[in-house]
Protein chains: 2
Amino acid sequence: MAEGGAGPGGGESLLFLTDEQLRKGIEAMFFAYRGFTADPDRILERYEYGRAHHRALHFIHRSPNTTVNNLLSMLGVTKQSLNRVLRTLIEDGLVESRVGRKDKRERHLVLTDKGAQLERELSEAQRGRMRAAYRAAGPQAVAGFRQVLEAMMEPDMRRQYQKLRDGGA
Amino acid sequence: MAEGGAGPGGGESLLFLTDEQLRKGIEAMFFAYRGFTADPDRILERYEYGRAHHRALHFIHRSPNTTVNNLLSMLGVTKQSLNRVLRTLIEDGLVESRVGRKDKRERHLVLTDKGAQLERELSEAQRGRMRAAYRAAGPQAVAGFRQVLEAMMEPDMRRQYQKLRDGGA
DNA sequence: TTGGAAAGTCAACAAGGCTGACATAAAATA
DNA sequence: TATTTTATGTCAGCCTTGTTGACTTTCCAA
């Protein structure tokens with residue numbers, strides 16, 4: 001299973017594909033994801049919200065007026081699970097649910113000022129860490145980081161991601 | 001907050017540090033982590049285990065004879081939470097808990113053959129995706145990927161990671 | 001007008017985090 | 001030696017966030 005040594009095909013060293021290297025990458029993902037969520041988690045605690053609320057706020061901010069179904073396919077959870085989170089956000093006045101103009105079955109979701117404020121607080125904390133990591137690693141490393149992450153996604157998620165990446169700018 | 005344009009300091013473009021780029025990185029992490037866990041999750045379902053079991057198996061494989069306390073600081077959970085998982089793994093004969101020779105308070109954990117077998121199955125699935133992503137992105141991208149992830153970790157987690165990375169090879 | 005899609009709701013359940021309290025054994029120390 | 005500290009395990013109970021299944025309401029479109 002392990003592939004090592006400089007292969008004849010391409011002339012590039014394939015040492016980076018050894019099982020040992022792959023295991024290190026797996027551990028890096030595990031530990032890094034903890035850092036990735038650490039700052040928002042601390043903030044959310046103060047507001048008595050959880051990660052699920054953060055994710056909803058993030059994607060509603062990113063795609064204002066998105067429908068519940070859209071949001072569901074982004075988040076990859078069941079509507080029952082999302083609904084619980086969404087209900088509290090609406091009750092607490094962070095999110096507004098607007099009946100669709102064309103299709104009145106649909107609910108279009110937008111952040112209220114209060115919701116935008118919390119989203120900003122969470123996002124700023126998360127971006128702060130990201131920015132520090134990016135700066136420390138440098139632009140070339142960042143490009144590689146993004147490439148590997150994208151290649152790791154499941155195809156449907158990759159499509160979701162690319163839509164945001166290209167259109168949402 | 002956003003920094004753009006080619007700065008005078010260093011001559012390198014800082015466009016990769018814009019809030020927009022950081023947001024894309026955040027989304028990439030989110031979607032990629034789902035892919036990262038998808039294959040093991042499918043396998044675990046068949047065995048009626050969860051992600052927590054996978055993590056325990058991974059780190060016991062990685063550091064055989066590790067103590068419970070060591071494992072706790074790797075995983076960053078409470079002993080009660082780990083204990084529940086560990087107990088089922090021991091009951092099911094995947095993990096063996098050995099009383100320490102020097103310090104008899106300690107329990108040293110090792111995988112049984114059965115445990116090693118499941119660990120291998122999970123790991124092979126996860127490495128398979130990792131390998132494909134690495135191959136698609138190339139060695140330079142992989143180096144960048146690892147750099148950014150490492151810079152993103154919380155300091156104690158980074159220490160844990162580096163200990164494994166350097167010693168565990 | 002009727003079928004089906006979009007959305008919401010209720011109930012029940014599971015995994016896997018958490019805290020707090022307590023027990024035991026053994027090591028370390030006063 | 002007596003006491004304290006450490007490592008571990010365990011019980012009880014709580015929370016978040018995921019799941020499935022069943023059912024209703026709304027309303028677009030054929």
Side-chain angles (χ1 to χ4, degrees), chain A residues 30 33-34 37-38 40-60 65-92 95-110, chain B residues 30 33-34 37-38 40-60 65-92 95-110:
Chain A
F30 171 67
Y33 199 78
R34 294 250 294 277
T37 56
D41 281 356
R42 274 187 281 269
I43 294 168
L44 288 160
E45 234 174 85
R46 294 208 306 271
Y47 293 90
E48 310 216 270
Y49 290 130
R51 250 179 235 183
H53 299 86
H54 180 195
R55 291 198 285 261
L57 290 175
H58 174 97
F59 285 110
I60 295 171
N65 280 300
T66 190
T67 65
V68 172
N69 255 2
N70 266 335
L71 200 52
L72 279 177
S73 63
M74 296 269 211
L75 296 170
V77 297
T78 58
K79 62 174 177 172
Q80 293 89 335
S81 194
L82 174 59
N83 194 256
R84 178 170 35 199
V85 165
L86 223 40
R87 205 186 323 156
T88 71
L89 291 175
I90 291 168
E91 276 170 11
D92 295 354
V95 169
E96 202 186 320
S97 167
R98 296 177 182 160
V99 173
R101 270 187 313 137
K102 269 195 68 173
D103 185 338
K104 292 178 193 164
R105 293 167 301 178
E106 294 180 344
R107 304 300 144 95
H108 297 266
L109 304 167
V110 285
Chain B
F30 171 68
Y33 200 79
R34 295 250 295 277
T37 56
D41 282 356
R42 275 188 279 269
I43 294 168
L44 288 160
E45 234 174 86
R46 295 210 306 272
Y47 292 91
E48 311 215 89
Y49 289 132
R51 250 179 234 182
H53 300 85
H54 181 195
R55 290 197 285 260
L57 291 174
H58 174 97
F59 284 110
I60 295 172
N65 279 300
T66 191
T67 64
V68 172
N69 254 0
N70 265 334
L71 201 51
L72 279 177
S73 63
M74 296 271 210
L75 296 170
V77 296
T78 59
K79 63 174 179 171
Q80 294 91 331
S81 195
L82 174 59
N83 193 257
R84 178 169 36 197
V85 164
L86 222 41
R87 205 187 322 161
T88 71
L89 290 175
I90 291 169
E91 274 169 12
D92 296 354
V95 168
E96 202 186 320
S97 166
R98 294 175 183 161
V99 173
R101 270 187 312 137
K102 269 194 70 175
D103 186 333
K104 291 176 192 165
R105 290 169 305 178
E106 294 180 341
R107 303 301 145 92
H108 297 268
L109 304 167
V110 284

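By convention in this document, chain letters (A, B, ...) are assigned in the order of the sequence lines, proteins followed by strands, and residues within each chain are numbered from 1. Any value given below was found using the heavy atoms of this structure, including those in side chains, with hydrogens, waters and symmetry copies removed.
If you check distances only, the side chain of B:R84 does reach the base of C:dG17 with a donor-acceptor pair under 3.5 Å.
In this entry the distance linking NZ of B:K102 with P of D:dT6 reads 17 Å, nearest Å. Spacing between atom CG of B:L57 and atom P of C:dG16 amounts to 12 Å, rounded to whole angstrom units. The separation between A:K104 atom NZ and C:dG8 atom P is 16 Å, rounded to whole Å. With rounding to whole Å, B:E106 atom CD is found 14 Å from C:dA28 atom C1'. As rounded to whole Å, 12 Å separates atom C1' of C:dA15 from atom CD of B:E45. Taking atom CD of residue B:Q80 and atom C1' of nucleotide D:dA7, one finds them 13 Å apart after rounding to whole Å. Separating the CD1 atom of B:I90 from the P atom of D:dT8 is a distance of 12 Å, rounded to the nearest angstrom. Nucleotide D:dT10 holds its P atom 9 Å from the CZ atom of B:R107, rounded to whole Å.
Using bins of under 30°, 30° to 60° and over 60° for the plane-to-plane angle, the ring pair B:Y49/B:Y47 lands in the parallel bin. Using bins of under 30°, 30° to 60° and over 60° for the plane-to-plane angle, the ring pair B:Y33/A:Y33 lands in the parallel bin.
Between B:R51 and the phosphate of C:dG16, there is no side-chain N or O to OP1/OP2 separation shorter than 4.0 Å. When the side-chain nitrogen and oxygen atoms of B:H53 are compared with OP1 and OP2 of C:dA15, none of them lie within a distance under 4.0 Å. Of the side-chain N and O atoms in B:N69, one or more sit less than 4.0 angstrom from OP1 or OP2 of D:dT8. The side chain of B:R101 contributes no N or O atom lying less than 4.0 Å from OP1 or OP2 of C:dA26. For the pair A:N83 and C:dA7, the criterion of a side-chain N or O lying under 4.0 Å from OP1 or OP2 is not met. Close to C:dC18, at under 4.0 Å from its OP1 or OP2, lies a side-chain N or O of B:T78.
Between the side chain of B:R34 and the backbone N or O of A:L75, at least one donor-acceptor pair lies under 3.5 Å.
B:S73 and B:N70 get closest at one heavy-atom pair: OG-O, 2.9 Å.
In this structure, A:K79 and A:V99 both approach DNA chain D, and ranking their closest nucleotides by distance from the 5' end singles out A:K79. Of the residues near DNA chain D, A:R105 and A:S81, the one whose nearest nucleotide (by heavy atom distance) lies more toward the 5' end is A:S81.
Nucleic acid contact for B:H108: none, since no nucleic acid atom lies under 4.0 Å from a heavy atom of the residue. Residue B:R87 is in sugar-phosphate contact alone, with no base atom involved, counting any heavy-atom pair closer than 4.0 Å across all strands shown.
By the neighbour-count criterion of 12 heavy atoms within 6.0 Å, atom CZ of B:R46 is densely surrounded, having more than that number from other residues, nucleotides or ligands.
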